[in-house]
Amino acid sequence: MDKDKGGTLSIDEVKGLMELLGMKVRQEELEAMIAEIDNSGDGNIDFNEFLQVMAKPQDLPYKKADVMRAFRLFADKDAPQGCISPEALERALVQYCSGKVPEEEIMRLVNTLELNQEGYIDFSRKVNLFLNK
């Protein structure tokens, strides 16, 4: 999501991420959120600040098992366990996010994800990282 590759997320980049996730937020709410997270006071969120936010326990409407099941449902049958091809993820996102997220944004998001040596996205590692419950 770091469009300018500056190593931090600006308020516009955070807004873009939230919109990509289907979240509508007013500018003043976004500014308050950035101010709360931005320990350095530079108006941007650096990686350590991002990790601190992500490490906080969150009350989410879904469980880790639900997310894992969704990825398995969309993954190709021949994909290694815990992995999904970029093409399968893109198809699923286009199918289920159309109208909410432009297809170009979906493609951009998928293209930013790290692939393993076999060319797959290791979703189990990412889900375990972000939903460590």
Side-chain angles (χ1 to χ4, degrees):
M1 299 313 307
D2 183 11
K3 292 180 181 179
D4 65 2
K5 306 289 187 228
T8 61
L9 295 177
S10 69
I11 193 165
D12 290 332
E13 290 167 331
V14 172
K15 182 178 182 182
L17 172 61
M18 295 181 82
E19 288 173 352
L20 183 64
L21 296 172
M23 302 167 76
K24 302 287 186 210
V25 64
R26 293 190 327 262
Q27 185 69 23
E28 55 271 8
E29 292 172 323
L30 188 59
E31 290 170 1
M33 183 180 70
I34 296 290
E36 183 179 332
I37 297 169
D38 180 21
N39 295 326
S40 63
D42 65 359
N44 294 306
I45 299 174
D46 65 31
F47 187 66
N48 287 332
E49 292 165 339
F50 177 77
L51 286 180
Q52 288 174 350
V53 170
M54 295 307 295
K56 289 180 183 176
Q58 299 184 23
D59 188 24
L60 300 172
Y62 47 83
K63 303 264 186 264
K64 181 166 103 173
D66 300 327
V67 177
M68 296 291 279
R69 195 171 18 259
F71 271 107
R72 282 193 301 271
L73 178 70
F74 298 125
D76 296 324
K77 302 297 181 225
D78 59 343
Q81 185 163 348
C83 295
I84 189 169
S85 70
E87 298 81 13
L89 179 59
E90 186 176 314
R91 279 192 309 270
L93 291 173
V94 166
Q95 181 177 354
Y96 291 97
C97 296
S98 65
K100 296 178 186 170
V101 180
E103 194 168 330
E104 305 82 50
E105 280 296 308
I106 291 171
M107 291 169 51
R108 192 177 64 71
L109 171 68
V110 171
N111 288 331
T112 64
L113 296 173
E114 179 184 342
L115 304 180
N116 66 17
Q117 294 174 337
E118 297 154 334
Y120 289 93
I121 299 162
D122 185 345
F123 69 78
S124 65
R125 195 180 108 230
K126 292 183 183 345
V127 170
N128 285 323
L129 178 68
F130 289 105
L131 300 175
N132 54 6
K133 292 181 182 179

> Please report the closest heavy-atom contact between P86 and G119, naming both atoms and the distance.
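Residues P86 and G119, closest heavy atoms: CD-O, 3.4 Å.
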> Indicate yes or no for a side-chain donor-acceptor contact from E36 to the backbone of M33 under 3.5 Å, with no hydrogens or angles considered.
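Not at all, since once roles are kept as given, no pair shorter than 3.5 Å links the two residues.
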> Answer yes or no: is there a side-chain heavy-atom contact under 4.5 Å between I11 and Q27?
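Side-chain contact under 4.5 Å: yes.
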> Is the Y96 ring parallel, tilted or perpendicular to the F74 ring (thresholds 30°, 60°)?
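Correct class here is tilted.
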> Got a second to check how far Q81's CD is from D122's CG, nearest 0.5 Å?
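The CG atom of D122 is 10.5 Å from CD of Q81, to the nearest 0.5 Å.
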> Please check if M68 and L113 belong to a single hydrophobic cluster, counting links between Ile, Leu, Val, Met, Phe, Trp and Tyr side chain heavy atoms closer than 4.5 Å.
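Yes, M68 and L113 fall within the same hydrophobic cluster.
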> Might you point out which heavy atoms bring V110 and L93 nearest each other, and give the distance in Å?
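Reported closest heavy-atom pair: CG2-CD1, 4.0 Å.
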> When rounded to the nearest 0.5 angstrom, what is the spacing between CD1 in I121 and CD in E87?
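It comes to 8.5 Å.
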> Verify, without hydrogens or angle tests, whether D76 (side chain) and D78 (backbone) share a donor-acceptor contact under 3.5 angstrom.
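Answer holds: no.
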> Tell me if a side-chain donor or acceptor on D38 pairs with a main-chain N or O of I34 at a distance below 3.5 Å.
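Judged by distance alone, no pair lies under 3.5 Å.
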> Would you please name every residue forming a side chain to side chain donor-acceptor pair (under 3.5 Å) with R72, sequence neighbours left out?
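Checked R72 against side chain to side chain donor-acceptor pair (under 3.5 Å); zero matches.
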> Might you point out which heavy atoms bring E103 and V94 nearest each other, and give the distance in Å?
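Nearest pair, atom of E103 first, then V94: CG-CG2, 3.8 Å.
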> Could you pull out the closest heavy-atom pair between C83 and N116, with the gap in Å?
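Here C83 and N116 meet closest at SG-ND2, 3.6 Å.
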> I need the minimum non-hydrogen distance between Y120 and A79, along with the two atoms involved.
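So the minimum-distance heavy-atom pair works out to CE2-CB, 3.6 Å.
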> Find the distance between CD (E90) and SG (C97) and round it off to the nearest 0.5 Å.
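Rounded to the nearest 0.5 Å, the CD-SG separation comes to 11.5 Å.
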> State whether K15 and D12 are salt-bridged, where the test is any N-O pair (Lys NZ or Arg NE/NH1/NH2 against Asp/Glu carboxylate O) under 4.0 Å.
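A salt bridge is absent here (no side-chain N lies under 4.0 Å from a carboxylate O).
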> May I ask whether L115 and F71 are part of the same hydrophobic cluster, defined by side-chain heavy atoms of I, L, V, M, F, W, Y residues being less than 4.5 angstrom apart, directly or through others?
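In one cluster: yes.
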> Who pairs with E28 by salt bridge (Lys or Arg N to Asp or Glu O under 4.0 Å), at least two apart in sequence or on another chain?
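E28 satisfies salt bridge (Lys or Arg N to Asp or Glu O under 4.0 Å) with R26 only.
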> Determine the sole option in D46, N39, N44, I45 for which the side chain to side chain contact (heavy atoms under 4.5 Å, CB included) test with D42 is passed.
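The residue from D46, N39, N44, I45 that satisfies side chain to side chain contact (heavy atoms under 4.5 Å, CB included) with D42 turns out to be N44.
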